[in-house]
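Worksheet: the structure to be examined is printed underneath.
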Amino acid sequence: MNLPDIHTQKLLDCLTHSHLGFALYRLPWTDECYLVLQTSGDVEQLADIQELNEKKGFVVAPFRISEEHPLVLIRPDVTAYDWNEISEALSSLECVDTLLTCKSRQNELSPFVSEETDKEQYTRAFGRFITPLQEKQFQKLVLSRSSARHIGDDFSPLGAFVRACNNYPRMMIYLCHTPASGTWLGSTPEILLSGQGKEWHTVALAGTMPMQDEVMPTNWDKKNQEEQGYVADYIRRIAKKFGNKMTEKGPYTARAGQLVHLKTDFYFLLKNTDHIGDLLQELHPTPAVCGLPKEEAFRFILNNEGYDRSYYSGFTGWLDTEGHTDIYVNLRCMEIKPGEAILYAGGGILASSEVESEWVETGDKMNTMRSILHPDFISKQMETIKVEE
Ligand SMILES: C=C(O[C@@H]1C=C(C(=O)O)C=C[C@H]1O)C(=O)O
């Protein structure tokens, strides 16, 4: 994907610190992106996921809905597809001149935390997670962490979005901003729910290994297979509850940037598209980002993980049950703030997990965003990390 003309680049970057809500997203294996923009009023904030029934717009849902992190819906006052349409749509906005003068607000940077301290904190949290797993209170728990990175004043979110599109053709890439949720950018491999009419699709994605010099490893150990099996059992049950004629493909190895995962696809005929919010409510958070049993694991994570997941491991994407819906789990993502980006990643823990390999896995996952943070990385990355295709 090329960058749009310089004026459009500037407008899109300005939108990330404006009072408007917008999302730019690109679906896997496509080379053009969509723009969804709400041109007036505050974005809608919903009290719970079920309120998404019969709604249309771009959804940004946190891991847990709170006053600080509301579930937001961007009303599609403007939608456009490809840079030409997007440029035209933006240029004809009434507020275009005001937009160009929008300055980003100053932000107090997160205190510097060394890699060592990060790892110590993670290790302590791992200790809190592993005990109840060994005592069989949980079958699986997902432990995650965040890490702040400095970004220069000249950092362009749009530039990073385009780099992500070019580096990760298999992923859903999005850049999204609302005053209520902040600015987020992600490159996610995990469909939560997509479909149109009666035909719908979801996946069970879990288990992680690094790519081996552009070769996909397929030697999945018992821990990874078991972990993915839990997710698949859960998704299968929900898909059967809301759908008919379910078919299943997998598990198979699927690539995500410089990682591979185990994946099962579930295709089904949705019984009632008016109840999409109910279905999302039951799916989220899946055991790929939370744990089992679900409610207990959700509470355990909130009380023991030791930090705020915010919108990481929530879900995001386009919702329109009369057209097409493409909603993804918000993974391999970062929040962009003035001067810094907060990166997030986690991984499934079972009673048999080991802290060192889990720590490394979260770092590998964070590399998905780290590698698109700096413009000069693009050439370095081409040399050291081959682009996916
Ligand atoms: C939790 C994340 O990823 C999820 C967890 C995985 C795992 O535990 O192996 C694999 C894919 C995702 O479902 C993340 O990227 O932060």
Side-chain angles (χ1 to χ4, degrees), residues 62-63 122 125-126 129-130 133 138-147 164 168 170-173 184-193 202-211 216-217 220-235 250-266 283-292 297-298 301 305 307 309-316 327-335 342-355 357-371:
F63 179 62
Y122 178 85
F126 185 91
F129 276 51
I130 202 77
L133 282 163
F138 299 104
Q139 292 164 292
K140 173 177 176 176
L141 287 170
V142 175
L143 173 60
S144 67
R145 64 187 178 97
S146 68
S147 170
Y168 307 120
R170 294 168 173 81
M171 306 294 108
M172 187 277 225
I173 316 290
W184 288 76
L185 194 158
S187 164
T188 166
E190 190 163 339
I191 293 175
L192 184 63
L193 191 60
T202 182
V203 305
L205 192 83
T208 303
M209 289 196 281
M211 284 287 289
M216 290 209 291
W220 294 102
D221 64 14
K222 204 164 153 272
K223 184 246 165 189
N224 277 304
Q225 289 181 29
E226 202 179 331
E227 199 185 325
Q228 198 265 349
Y230 288 139
V231 184
D233 289 346
Y234 177 84
I235 305 272
Y252 60 94
T253 304
R255 185 171 176 182
Q258 291 305 312
L259 299 169
V260 291
H261 302 298
L262 260 178
K263 180 171 176 179
T264 307
D265 291 294
F266 297 92
L283 280 174
H284 171 79
T286 75
V289 296
C290 182
L292 286 169
F298 186 60
I301 289 169
E305 201 164 32
Y307 88 107
R309 286 192 184 192
S310 182
Y311 288 88
Y312 158 71
S313 70
F315 55 88
T316 184
I327 293 181
Y328 283 72
V329 183
N330 192 15
L331 301 175
R332 320 294 147 84
C333 61
M334 59 186 172
E335 182 175 7
I342 318 286
L343 280 60
Y344 294 80
I349 313 277
L350 304 186
S352 59
S353 295
E354 284 163 19
V355 66
S357 55
E358 295 300 335
W359 164 260
V360 170
E361 186 176 312
T362 55
D364 289 347
K365 286 173 175 163
M366 279 182 183
N367 282 342
T368 311
M369 283 294 100
R370 234 176 246 152
S371 66

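Note that the structure is predicted; figures quoted are calculated from it, not measured. Only heavy atoms go into these numbers, but all of them, side chains included; no hydrogens, no water, no symmetry mates. Order of listing sets the numbers, starting from 1, for every ligand and every atom in it.
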- Query: Hey, which atoms in ligand 1 end up nearer than 4.0 Å to a heavy atom of A345?
  - Reply: 16 (O)
- Task: Identify, by atom number and element, the atoms of ligand 1 in contact range of H261, meaning under 4.0 Å from any of its heavy atoms.
- Result: 10 (C), 11 (C)
- Counting heavy atoms only, which of M366, K263, R332, Q228 is nearest atom 11 (C) of ligand 1? R332
- Heavy-atom donor-acceptor pair, K223 side chain to S353 backbone, under 3.5 Å: no
- Enumerate the atoms of ligand 1 whose separation from the nearest heavy atom of E227 is less than 4.0 angstrom. 7 (C), 8 (O), 9 (O)
- Is any side-chain heavy atom of S146 closer than 4.5 Å to a side-chain heavy atom of Y312? no
- Query: With a 4.0 Å heavy-atom cut-off (strictly under), which part of Y344 contacts ligand 1: side chain, backbone, both or neither?
  - Reply: neither
- Message: Starting from atom 8 (O) of ligand 1, what is the nearest protein heavy atom, named by residue and atom, and what distance separates them?
- Response: G348 N, 2.7 Å
- Query: What protein heavy atom is closest to atom 2 (C) of ligand 1, reported as residue, atom name and distance in Å?
  - Reply: G346 O, 3.5 Å
- Message: Quick check: do L259 and R332 have side-chain heavy atoms less than 4.5 Å from each other?
- Response: yes
- of all protein heavy atoms, closest to atom 9 (O) of ligand 1 is T208 OG1, 2.6 Å
- Report yes if some heavy atom in the side chain of E358 is under 4.5 Å from a heavy atom in the side chain of L143; otherwise report no. no
- Item | Residue E361 vicinity, atoms of ligand 1 by number, heavy atom under 4.0 Å | 7 (C), 8 (O), 9 (O)
- Look at the side chain of D221 and the backbone N and O of N224, then say whether any donor-acceptor pair between them is shorter than 3.5 Å. yes
- Under 4.0 Å from a heavy atom of G347: give me the atoms of ligand 1 that qualify, with their elements. 8 (O)
- Knowing that exactly one of F315, F298, Y234 qualifies, which makes a ring pair (Phe, Tyr, Trp, His ring centres under 6.0 Å) with H284? F315
- Heavy atom of the protein closest to atom 1 (C) of ligand 1 (residue, atom name, distance): Y312 OH, 3.3 Å
- Going by distance alone, is a donor N or O of one side chain under 3.5 Å from an acceptor N or O of the other, for Y168 and S371? yes
- Among the heavy atoms of S144, does any lie under 4.0 Å from an atom of ligand 1? no
- CE of M216 to CE of M209, rounded to nearest 0.5 Å, is 10.0 Å
- Task: Tell me which protein heavy atom sits closest to atom 13 (O) of ligand 1, plus the residue, atom name and distance to 0.1 Å.
- Result: E190 OE1, 2.6 Å
- Message: Could you walk me through whether S310 and Y344 satisfy the side-chain contact (heavy atoms from CB on, under 4.5 Å) test, starting with their C-alpha distance in whole Å, then the side-chain angles of each, then the deciding distance to 0.1 Å, before giving a yes or no?
- Response: CA-CA 10 Å; S310 182; Y344 294 80; 4.0 Å; yes
- Identified side chain to side chain contact (heavy atoms under 4.5 Å, CB included) counterpart of S144 within the set F63, Y122, Y307: Y307
- Quick one: look up the protein heavy atom nearest atom 6 (C) of ligand 1 and list residue, atom name and how far away it is. K365 NZ, 3.3 Å
- Message: Please evaluate residues T316 and Y311 with respect to the criterion side-chain contact (heavy atoms from CB on, under 4.5 Å), reporting the C-alpha separation (whole Å), side-chain torsions for both, the decisive distance (0.1 Å), and the verdict.
- Response: CA-CA 9 Å; T316 184; Y311 288 88; over 6 Å; no
- Query: Any idea which part of A288 is under 4.0 Å from ligand 1, heavy-atom wise: side chain, backbone, both or neither?
  - Reply: both
- Note on the structure: Quick look: L331 vs ligand 1, heavy-atom contacts under 4.0 Å, and the answer is side chain
- Give yes if a backbone or side-chain nitrogen or oxygen of G207 is under 3.5 Å from a nitrogen or oxygen of ligand 1, and no if not. yes
